[in-house]
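Structure record follows, encoded as structure tokens.
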Amino acid sequence: MSYDFIRQKLARGEAIILDGGTGTDIQRRGAPMSSETWCAEVNATHPHIVRAVHEDYISRGSDIITANTFATSALNFHYRKRDADMLRLDNAAVAEAKAAARGKPVAVAGSVSTQRPLIPGTDRTDLSINWPADVARKLFRTKVENLKAAGVDLLMMEMMRDADYALYACEAAKATGLPVWTGLSVERRADGVLTGFGRSDQLFSDIAPALAGLKPDVMCIMHTSANDTDEAIEILKRHW
């Protein structure tokens, strides 16, 4: 299925129903998780579980399902010297999503994250691990171009949280020519100011205009406390 029917629904002002937490649901169903790459390996080891998650979300009315490619982070896999594995696992993930969606009015999104290696035992990325801008941009280009070649209908930029790596990733996504949906994640710093999730050094008031300036097809707030979402939406609406 192409993106056309999603574009038409948006033009009519209709609601678009997304799937839920794909990786979380895969984990809930008993697939083994990796301490380094979370649910990424499951695309190769337990593809039947991946497809079943997509099929269940479709049966519940999802207009868009998201391939299990969030955890195959270009940054994390490069850090682990597994660039080729990222491409292989992404191809497997997209194949399962497309198989689940075949013949149904459902678009398949390729998920893109800026996840760095996590601090063990937490959901926080290790901010001490960094890449030069030109290297990071090349890594993101490789990922999104491969997702496009695998046949996704759009790119879902998930948990965009800063104006450096997220900006590089979103620039690469826009360059593919595919529709781009940008999901921003924020949290409240101790002083009450909204910042990028896990990036207390990045003010959301700076992140929002930087990413909105790329003119993606859709922007939204995701993976954010309900207590902070309204304020984040108001800030985003100033620029989008």
Side-chain angles (χ1 to χ4, degrees), residues 21-24 26-27 32-43 66-83 85-87 89-90 93 109-144 147 155-173 180-191 193-208 210-211 214 219-225 228-229 232 236:
T22 300
T24 306
I26 290 169
Q27 182 174 358
M33 298 292 110
S34 164
S35 61
E36 294 184 346
T37 59
W38 187 34
C39 59
E41 316 297 337
V42 177
N43 293 324
T66 309
N68 186 40
T69 59
F70 176 91
T72 49
S73 162
L75 299 180
N76 189 27
F77 271 70
H78 182 259
Y79 173 77
R80 302 186 187 285
K81 298 179 172 56
R82 298 186 59 192
D83 299 300
D85 287 342
M86 178 195 72
L87 302 178
L89 291 169
D90 278 0
S111 175
V112 180
S113 75
T114 59
Q115 191 90 305
R116 285 181 260 187
L118 294 176
I119 298 172
T122 76
D123 65 351
R124 299 287 155 162
T125 57
D126 189 339
L127 301 182
S128 70
I129 303 172
N130 286 284
W131 289 258
D134 59 334
V135 174
R137 284 188 164 100
K138 181 178 180 180
L139 293 173
F140 289 126
R141 283 198 303 271
T142 299
K143 182 176 180 75
V144 297
L147 288 172
L155 292 170
M156 193 77 74
M157 313 305 290
E158 297 199 272
M159 290 190 69
M160 299 293 106
R161 61 185 79 186
D162 49 49
D164 41 43
Y165 294 116
L167 185 64
Y168 309 153
C170 291
E171 287 173 342
V180 175
W181 287 34
T182 302
L184 302 102
S185 298
V186 308
E187 61 186 357
R188 196 172 299 279
R189 205 165 58 185
D191 61 2
V193 175
L194 289 185
T195 68
F197 186 88
R199 289 296 304 269
S200 61
D201 60 315
Q202 294 266 328
L203 300 182
F204 186 61
S205 57
D206 293 331
I207 300 168
L211 298 187
L214 298 177
M219 297 193 80
C220 61
I221 305 300
M222 64 169 292
H223 197 91
T224 295
S225 168
D228 300 329
T229 297
L236 182 58

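The shortest distance between side-chain heavy atoms of I207 and R161 does not fall below 4.5 Å. Counting heavy atoms from C-beta on, the side chains of F70 and Q115 come closer than 4.5 Å. Side-chain atoms of L184 and T224, non-hydrogen and from C-beta on, never get closer than 4.5 Å to each other. In this structure, P117 and E36 have side chains that are not in contact, with every pair of non-hydrogen atoms separated by 4.5 Å or more. Taking 4.5 Å as the limit, every side-chain heavy atom of L87 sits out of range of all side-chain heavy atoms of D83. Residues T24 and W38 form a side-chain contact, since some pair of their non-hydrogen atoms from C-beta on lies under 4.5 Å apart. Side-chain contact between R82 and L89 is present, with at least one heavy-atom pair separated by less than 4.5 Å.
Taking the salt bridge (charged side-chain N to carboxylate O under 4.0 Å, His left out) definition, one finds that D191 meets it with R189, sequence neighbours left out. Here R199 pairs with D162, D164, D201 under the salt bridge (charged side-chain N to carboxylate O under 4.0 Å, His left out) rule; sequence neighbours left out.
With respect to N68, the side-chain hydrogen bond (donor to acceptor under 3.5 Å, both in side chains) criterion is satisfied by exactly one of D90, T22, N43: N43.
Taking every heavy atom of both residues into account, S113 and S73 meet most closely at OG-CB, 3.6 Å.
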**Prompt:** Would D228 and F204 count as a side chain to side chain contact (heavy atoms under 4.5 Å, CB included) if you check the C-alpha gap in whole Å, the side-chain angles of each, and the deciding distance to 0.1 Å?
**Reply:** CA-CA 11 Å; D228 300 329; F204 186 61; over 6 Å; no
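Salt bridge E41/R80: absent, no basic N to carboxylate O contact under 4.0 Å.
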